Structure formats: C-alpha cells, structure tokens
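Working notes, structure below.
We're numbering straight along the sequence, starting at 1. Whatever order the structure lists them in is the order used to number ligands and atoms, beginning at 1. Note that this is a predicted model, so its numbers are computed, not measured.
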Amino acid sequence: VSRSSQASAIHRAVGLLDHPTADEVFMHVRRREARVSIGTVYRNLDRLVADGRLRVRQIGGQRRYDSNTATHAHLHCTRCDRLIDIPWRDEEGVGLHPVVQELGFRVEDQILELQGMCAACQKTEAMTREEIPE
Ligand SMILES: [Zn+2]
Ligand SMILES: [Zn+2]
C-alpha cells in the first residue's frame, strides 16, 4: 500500500465520517487496511491539515477533523455530539466591528460554534417525557 493511497483513504474517511476524531478515522480505515497504525493515521491527519486539505477543531474537549475547508460555522448538539455545518461568510463584517477596529486586530479566521440540541435529540427527549409520566 503506497503512502499516497493511505493519505487519500484517510482523507476520504474524514469526509464520510463527518467531523470524526483521529480514533474514529483509525477504526474506519483499519476495516479496509488491517495494517494501518494509529501513528500513521495521526501523521497523515497532521500532514493533511498542514496542506490545508483538512481543518481541525477543538470541540467538546476533542480534536475533530473537518473535510469542509470553506469558512463555515458549526451547530454542535451537546447531547449526541453531532456537528452540523452551516454556511458562514462574514469575514469583513466581523473585522469591521467597532471593538475589533479599536483593538487594531486583524481577523484571519473565524471559529463559530453554536451549542444546543439537534432536532433528533429534541424528538427523543419529547418521547422520553411522554413515556415516563411524573
Ligand atoms: Zn443531537
Ligand atoms: Zn465542519
């Protein structure tokens, strides 16, 4: 197995798994390539991030990899830990905020995360409430 095919398998896995951790990528890739090591996965993930092909985000105390390299925000469901991408394009708008201007700060990246509960978790919660009357 060549190095570049491992890298592309790892890149593909990140896209399929939707914001996975390194461990989740490892578990996925190992199903097809039994000889892949966690070290190889970490090394390739680091390289893909350095090359700008993946982004890494610290979310809920975990490093999660993201194959969406466009500027976007995350809706983070704190119950099931799911991340939903939403388009977010406001680089200039934020940079023009009076306080940002006053501090002379140059905005280079935005990491916006909205925390809450996804529709599926709200439904589950509503059902649980109906099943267990108080
Ligand atoms: Zn959820
Ligand atoms: Zn994302």
- Note on the structure: A correct count of protein N/O/S atoms found below 2.8 Å of the Zn ion (ligand 2) gives 5
- Hits for salt bridge (charged side-chain N to carboxylate O under 4.0 Å, His left out) against Arg106, two or more places apart or cross-chain, chain-then-number order -> Glu108
- Query: So Ser37 and Thr40, side-chain hydrogen bond (donor to acceptor under 3.5 Å, both in side chains) or not? Walk me through it.
  - Reply: CA-CA 5 Å; Ser37 72; Thr40 303; 2.9 Å; yes
- Item | Angle in degrees, rounded to 10°, that SG of Cys80 and SG of Cys77 form at the Zn ion (ligand 1) | 110°
- Query: For the atom pair CZ (Arg82) and CE (Met117), what is the distance rounded to the nearest 0.5 Å?
  - Reply: 13.5 Å
- Query: Is there a donor-acceptor contact under 3.5 Å from the side chain of Arg64 to the main chain of His19?
  - Reply: yes
- Message: Holding to side-chain hydrogen bond (donor to acceptor under 3.5 Å, both in side chains), I want the full list of residues that pass it with Gln115, two or more places apart in sequence or in another chain.
- Response: Glu113
- Message: List the residues meeting salt bridge (charged side-chain N to carboxylate O under 4.0 Å, His left out) with Arg57, not counting sequence neighbours, and say none if there are none.
- Response: Asp109
